[in-house]
Colleague: 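Could you have a look at this structure, given as structure tokens, before my questions?
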Amino acid sequence: HAVVGIDTGLTHLSAALGTPTLALFTTTDPALAGASIAGAHARDLGGRGVMPGIDEVRAGLGGILRAAPRCCRCARSTRSPGASPRRWRR
């Protein structure tokens with residue numbers, strides 16, 4: 001899971017809570033108040049008068065998702081394809 005959002009309070013809150021976040025800037029300078037200040041799990045794209053393209057957004061999102069730690073449930077799941085949920089082991 002990740003959040004992709006424009007420069008709003010909700011996007012900054014997401015980053016502050018540790019959620020992988022990609023913040024899109026178009027009218028403000030991310031160097032002044034970017035979401036990436038929250039940590040490596042957050043990235044800023046674009047800037048004043050610079051709209052990030054879809055390829056840049058996809059690449060940025062892929063980067064933060066690859067770098068994000070896996071949740072405990074996902075990391076411990078040993079389910080095999082086709083197994084019923086009752087047989088899954090953590």
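Source: prediction; values computed, not measured.
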Colleague: Looking at every heavy atom in both T11 and L22, which two are closest together, and how far apart are they?
Modeller: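 Answer, listing the atom of T11 first, then L22: CG2-O, 4.5 Å.
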Colleague: State which residues pass side chain to side chain contact (heavy atoms under 4.5 Å, CB included) with L65; sequence neighbours excluded, sorted by chain then number.
Modeller: A2, L61
Colleague: What heavy-atom pair brings A15 and A38 nearest, and what distance separates the two atoms?
Modeller: O-CB, 3.5 Å
Colleague: Roughly how far, to the nearest 0.5 Å, is NE2 of H41 from OG of S14?
Modeller: 7.0 Å
Colleague: State which residue, out of D29, L24, T28, D44, fulfils the side chain to side chain contact (heavy atoms under 4.5 Å, CB included) condition with D7.
Modeller: T28
Colleague: Do the side chains of V3 and L13 join up, straight or via other hydrophobic residues, at under 4.5 Å, putting them in one cluster?
Modeller: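 No, because V3 and L13 fall into different hydrophobic clusters, even though each may have its own neighbours under 4.5 Å.
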Colleague: Nearest heavy-atom pair of H12 and A33: which atoms, and what distance?
Modeller: CE1-O, 2.8 Å
Colleague: side-chain hydrogen bond (donor to acceptor under 3.5 Å, both in side chains) with T26: which residues, sequence neighbours excluded?
Modeller: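 Per chain and number, T26 pairs via side-chain hydrogen bond (donor to acceptor under 3.5 Å, both in side chains) with no residue.
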Colleague: Same cluster for I64 and V4 if Ile/Leu/Val/Met/Phe/Trp/Tyr side chains link at under 4.5 Å?
Modeller: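 Linked, I64 and V4 end up in one cluster.
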Colleague: Could you report the tightest heavy-atom contact between A23 and A35, atom names first, then the distance?
Modeller: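 So the minimum-distance heavy-atom pair works out to CB-CB, 3.8 Å.
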Colleague: Is the number of heavy atoms from other residues, nucleotides or ligands under 6.0 Å of L17 CG greater than 12?
Modeller: yes
Colleague: Which pair of heavy atoms, one from G47 and one from P30, lies closest together, and at what distance?
Modeller: CA-CD, 3.7 Å
Colleague: Roughly how far, to the nearest 0.5 Å, is CZ of R43 from OG1 of T21?
Modeller: 12.0 Å
Colleague: As an exercise, state the distance from CE of M51 to CG of L45, rounded to the nearest 0.5 Å.
Modeller: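 One finds 12.5 Å between CE of M51 and CG of L45.
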